[in-house]
Visitor: 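What follows is a single structure, and I will ask about it in a moment.
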Amino acid sequence: MAEETEKIVDLNSTYRHKVDAKGRMSLPSTFRKVLSTDLVVTRNPKDECLYVFEPQGFNAWVTKVFKDKFGEFDDTNDLHLRLRRKLKSRAADVSIDASGRIMLSAEQREAVGIDKDVVVVGNTGYFEIWDAKRYDVVDDDTDLGLLFG
């Protein structure tokens, strides 16, 4: 039996965009070139921003969260079931429309403080959508010298 290699989407850079009155946001063209049209949008665990995954990437992320915290997911453990339910309930399936936009629900935007101006940040396996002002504060407070000093 051949093993299927999971494709990890690696996205880089930051882009500034706007969310329209209906909650739609254009994706960077470089992201559209490598992403499938079906995506999953979820709030990050601290409600700082939104994470956007391809569906298999979202499920891999949920699995990794449990592996990192508990060693594995145990479907006989009530706490594990409740935590996974909470993670999955915060996620929404979206599709990239013909204009290269995705819909961000009002509930998700409100939870992470997104109004109009956003920053889209590439990452390994997903990308992030931040309220622009919040992103600027967090970015200014992040010292890369900690990695290299």
Side-chain angles (χ1 to χ4, degrees), residues 4-70 73 78-149:
E4 195 173 305
T5 305
E6 190 173 312
K7 175 186 129 195
I8 296 177
V9 178
D10 197 17
L11 304 165
N12 297 309
S13 201
T14 58
Y15 303 87
R16 295 199 177 251
H17 284 270
K18 295 198 182 295
V19 176
D20 71 15
K22 294 181 180 179
R24 298 173 300 195
M25 184 201 79
S26 292
L27 294 180
S29 62
T30 56
F31 288 15
R32 290 192 311 260
K33 289 177 185 175
V34 297
L35 293 170
S36 63
T37 57
D38 295 319
L39 301 172
V40 177
V41 179
T42 191
R43 294 163 20 204
N44 91 326
K46 295 181 179 181
D47 288 340
E48 296 174 311
C49 67
L50 298 174
Y51 287 169
V52 184
F53 297 89
E54 291 194 316
Q56 72 275 13
F58 175 68
N59 289 322
W61 176 74
V62 170
T63 299
K64 183 178 180 334
V65 167
F66 279 93
K67 184 175 181 180
D68 290 350
K69 184 67 177 176
F70 301 113
F73 175 78
D78 186 56
L79 175 62
H80 290 205
L81 292 170
R82 287 185 288 124
L83 289 168
R84 183 175 68 180
R85 180 184 312 121
K86 182 96 174 184
L87 284 174
K88 298 286 268 183
S89 73
R90 293 162 52 112
D93 296 326
V94 301
S95 293
I96 300 174
D97 70 15
S99 298
R101 302 172 300 191
I102 59 171
M103 177 66 77
L104 305 176
S105 75
E107 178 184 345
Q108 287 178 323
R109 286 180 281 132
E110 183 178 321
V112 300
I114 289 175
D115 184 30
K116 187 175 183 177
D117 296 313
V118 295
V119 177
V120 180
V121 183
N123 211 323
T124 301
Y126 64 99
F127 63 93
E128 303 169 0
I129 303 172
W130 289 79
D131 171 73
K133 289 178 186 170
R134 177 180 271 182
Y135 175 81
D136 290 339
V137 169
V138 170
D139 189 54
D140 287 346
D141 288 344
T142 303
D143 181 8
L144 284 178
L146 295 171
L147 290 173
F148 304 102

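What you see is a predicted model; the values in this text were computed from it and never measured.
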Visitor: Mind listing the closest non-hydrogen atom pair of R24 and M103 along with its distance?
Guide: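 Smallest heavy-atom distance, with atoms named: CG-CE, 3.7 Å.
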
Visitor: If you round to the nearest 0.5 Å, how far is CD1 of I102 from CG of D38?
Guide: 12.0 Å

Visitor: Going through the checks in order, is the side-chain contact (heavy atoms from CB on, under 4.5 Å) test met by W130 and V138?
Guide: CA-CA 10 Å; W130 289 79; V138 170; 3.9 Å; yes

Visitor: Give me each pair satisfying ring-ring contact (aromatic ring centres under 6.0 Å, His included) with a member in residues 92-129, each pair once, sequence neighbours excluded.
Guide: F31-F127, Y51-Y126, F53-Y126

Visitor: In terms of ring plane angle, is the pair F73 and H80 parallel, tilted or perpendicular, where the classes change at 30° and 60°?
Guide: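 The rings of F73 and H80 sit tilted, inter-plane angle from 30° to 60°.
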
Visitor: Which residue pairs pass the salt bridge (Lys or Arg N to Asp or Glu O under 4.0 Å) test when at least one of the two sits in residues 94-107, sequence neighbours left out?
Guide: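 Salt bridge (Lys or Arg N to Asp or Glu O under 4.0 Å) check on residues 94-107 returns D97-R101.
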
Visitor: State, with a plain yes or no, whether a side-chain heavy atom of V119 is found less than 4.5 Å away from one of R16.
Guide: yes

Visitor: Roughly how far, to the nearest 0.5 Å, is the OG1 atom of T142 from the CG atom of L147?
Guide: 10.0 Å

Visitor: Any side-chain donor-acceptor pair under 3.5 Å between T14 and Y135?
Guide: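 T14 vs Y135: no donor-acceptor pair found between side chains.
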
Visitor: Can you measure from OH (Y15) to OG (S26) and round to the nearest 0.5 angstrom?
Guide: 13.5 Å

Visitor: Is the closest side-chain heavy-atom distance between L35 and E54 below 4.5 Å?
Guide: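 A side-chain contact under 4.5 Å exists here.
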
Visitor: Tell me, do V41 and L104 make a side-chain contact under 4.5 Å, heavy atoms counted?
Guide: yes

Visitor: Would you compute the distance between atom CZ of F70 and atom CG of L79 and round it to the nearest 0.5 angstrom?
Guide: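 It is 5.0 Å, given to the nearest 0.5 Å.
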
Visitor: Give a yes or no answer on whether the side chain of E128 reaches the backbone of C49 with a donor-acceptor pair at less than 3.5 Å.
Guide: no

Visitor: Which pairs, with at least one residue in residues 93-117 and sequence neighbours excluded, count as a ring-ring contact (aromatic ring centres under 6.0 Å, His included)?
Guide: none

Visitor: Between S105 and Q108, what is the shortest heavy-atom contact and its length?
Guide: OG-N, 3.0 Å

Visitor: Rounded to the nearest 0.5 Å, what separation is found between the OG1 atom of T124 and the CG atom of N12?
Guide: 7.0 Å

Visitor: Can you confirm whether D131 sits close enough to V112 that some side-chain heavy atom of one is under 4.5 Å from a side-chain heavy atom of the other?
Guide: no

Visitor: Can you tell me how far apart CG (L87) and CZ (R82) are? Round to the nearest 0.5 Å.
Guide: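 Answer for the CG-CZ pair, L87 versus R82, is 13.0 Å.
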
Visitor: Please check if the side chain of R32 supplies one atom and the backbone of L27 the other of a donor-acceptor pair under 3.5 Å.
Guide: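 Side chain of R32 to backbone of L27, a donor-acceptor pair under 3.5 Å: yes, one is there.
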
Visitor: With side chains defined as the heavy atoms from C-beta onward, is the minimum distance between M25 and I114 less than 4.5 Å?
Guide: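 A side-chain contact is absent here, since even the closest heavy-atom pair is not under 4.5 Å.
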
Visitor: Are any side-chain N or O atoms of R90 and backbone N or O atoms of N44, one a donor and one an acceptor, separated by less than 3.5 Å?
Guide: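 Yes, because the side chain of R90 sits within donor-acceptor range (under 3.5 Å) of the backbone of N44.
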
Visitor: Can you tell me if D47 has over 12 outside heavy atoms packed within less than 6.0 Å of its CG?
Guide: yes

Visitor: Do the side chain of R134 and the main chain of E48 share a donor and acceptor less than 3.5 angstrom apart?
Guide: yes

Visitor: If we only count heavy atoms from C-beta on, is the V118 to L50 side-chain gap below 4.5 Å?
Guide: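 They are not in side-chain contact.
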
